[in-house]
Amino acid sequence: MTRQAKTPRQRAEEALAVATRQEKRLRARARDLRSQLEEAEREHRAALARRDHLATHPDLQPYPTSTSTGDDA
């Protein structure tokens, strides 16, 4: 028995099916990555807000400079 060769149309249909599956996988991956990016950006904004809030802590403010020379004896 000999194998039946595929017609050019069959080869083209198979190639199209492969390309379609690849496009669907990549579209799903891009959607997942966009979702991850949005989550990372939300976390980053929250971290910046927390950092900026903590930077206003009174203990982190510079001490007022003293005008005395320290010879108060």
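Excluded from the calculations below are hydrogen atoms, water molecules and symmetry mates; all remaining heavy atoms, backbone and side chain alike, are included. These numbers come from a predicted model, not from an experiment.
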Return all side-chain donor-acceptor pairs below 3.5 angstrom for residues 43-62, not counting sequence neighbours, or 'none' if the list is empty.
from	atom 1	to	atom 2	distance (Å)
T56	OG1	H53	O	2.5
H57	ND1	D59	N	3.0
Q61	NE2	A55	O	3.4
Q61	NE2	H57	O	3.2

Side-chain donor-acceptor contacts of residues 29-40 below 3.5 Å, not counting sequence neighbours, with atom names and distances?
from	atom 1	to	atom 2	distance (Å)
E39	OE1	R42	NE	3.4
E39	OE1	R42	NH2	2.8

Could you give all pairs that pass the side chain to side chain donor-acceptor pair (under 3.5 Å) test and reach residues 13-23, with sequence neighbours left out?
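Qualifying pairs: K6-E14, R9-E13, E23-R27.
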
